[in-house]
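So the structure is just underneath, and the comments pick up after that.
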Amino acid sequence: RQVSTQSTGTEKHWKLVRLIIIRMTGHHSLPEPENAPVISKEELKDVLNSPNPVVLIDVRQPDELNNPYPLLPRANNLPLPELSEALHIHPEDFREKFGFVRPEKDAYVITYCKAGRRGTLASDLLFKNGWTNVRVFKESAQGWFEK
């Protein structure tokens, strides 16, 4: 009996996330949050119900959306493995690829994922690349839809 050596899509995804983490931090484990303040579910509800501009970024892979949690209201999807490069491409290319305007460096940006860790990594990456008004919603999609 032969054992398949092909990786599943999920395995490839996590290998890629791990490589990005190693490349970003030089460490082989997930770092703790460094810069981004945390926004609570109640605070996020207030932000989303206000007319003030906010860029809400879901950093899950597209195949994770709706499995089991959809995008939060007003959210845009930009997968974590693509974030570093996305921050440096021309704004028109960014909009064409991701379907929303790349936030200015002083824009109010909130990141999240399925369970919290990738959202934290994304917010730290934004800070390290000059974004100044970033928060992380650590309760994540899971916390938004289950609590």
Seminar exercise, completed: Output for pair (Arg102 CZ, Glu104 CD), nearest 0.5 Å, gives 7.5 Å
For this session: Taking side-chain hydrogen bond (donor to acceptor under 3.5 Å, both in side chains) as the test, write out the residues that go with Ser40, two or more places apart.
Result: Glu43
Exercise. Relative to the ring of Phe137, is the ring of Trp144 parallel (under 30°), tilted (30 to 60°) or perpendicular (over 60°)?
Worked result: perpendicular
Exercise. What is the minimum heavy-atom distance between Asn77 and Arg60, and which atoms define it?
Worked result: ND2-O, 2.8 Å
Exercise. Are Val101 and Leu78 connected, step by step, through hydrophobic side chains (Ile, Leu, Val, Met, Phe, Trp, Tyr) whose heavy atoms are closer than 4.5 Å?
Worked result: no
Exercise. Could you go step by step and tell me if Ile39 and Val47 meet the side chain to side chain contact (heavy atoms under 4.5 Å, CB included) rule?
Worked result: CA-CA 10 Å; Ile39 187 169; Val47 168; 4.0 Å; yes
Seminar exercise, completed: Closest heavy-atom pair, Tyr108 versus Pro53, reported as atoms and distance to 0.1 Å, is CB-O, 3.9 Å
Exercise. Checking Glu82 side chain against Pro79 main chain: does a donor-acceptor pair fall under 3.5 Å?
Worked result: no
For this session: Mind checking the CD-NZ spacing from Glu139 to Lys41? Nearest 0.5 Å is all I need.
Result: 7.0 Å
For this session: Test side chain to side chain contact (heavy atoms under 4.5 Å, CB included) on Arg135 and Tyr112 and set out the steps.
Result: CA-CA 9 Å; Arg135 305 287 182 274; Tyr112 76 95; over 6 Å; no
Problem set entry | Side-chain donor or acceptor of Asp58 paired with backbone N/O of Cys113 under 3.5 Å | no
Problem set entry | Reported CZ-to-CG distance for the pair Phe127 and Asn133, which is rounded to 0.5 angstrom | 7.5 Å
Exercise. Can you name the closest pair of heavy atoms from Lys105 and Asn129 and give their distance?
Worked result: NZ-O, 2.8 Å
For this session: Apply side chain to side chain contact (heavy atoms under 4.5 Å, CB included) to the pair Leu44 and Leu72, showing each step before the final yes or no.
Result: CA-CA 10 Å; Leu44 181 57; Leu72 273 60; 3.8 Å; yes
Problem set entry | Of Val55, Leu56, Leu48, the residue whose pairing with Ile110 passes side chain to side chain contact (heavy atoms under 4.5 Å, CB included) | Leu56
Problem set entry | Spatial distance of atom OG1 (Thr120) from atom NZ (Lys138) [nearest 0.5 Å] | 4.5 Å
Exercise. Should Arg118 and Glu64 count as side-chain neighbours, where that means a heavy-atom distance under 4.5 Å?
Worked result: yes
Problem set entry | Pairwise distance CH2(Trp131) to OG1(Thr111) - rounded to 0.5 angstrom | 13.0 Å
For this session: Give the C-alpha distance, both sets of side-chain angles, the deciding distance and a yes or no for side chain to side chain contact (heavy atoms under 4.5 Å, CB included) between Leu87 and Phe94.
Result: CA-CA 8 Å; Leu87 299 178; Phe94 181 98; 5.6 Å; no
Exercise. Out of curiosity, Ile89 CD1 to Arg95 CZ, how far, rounded to the nearest 0.5 Å?
Worked result: 13.0 Å
Seminar exercise, completed: Nearest heavy-atom contact between Val134 and Pro37 is O-CD, 3.2 Å
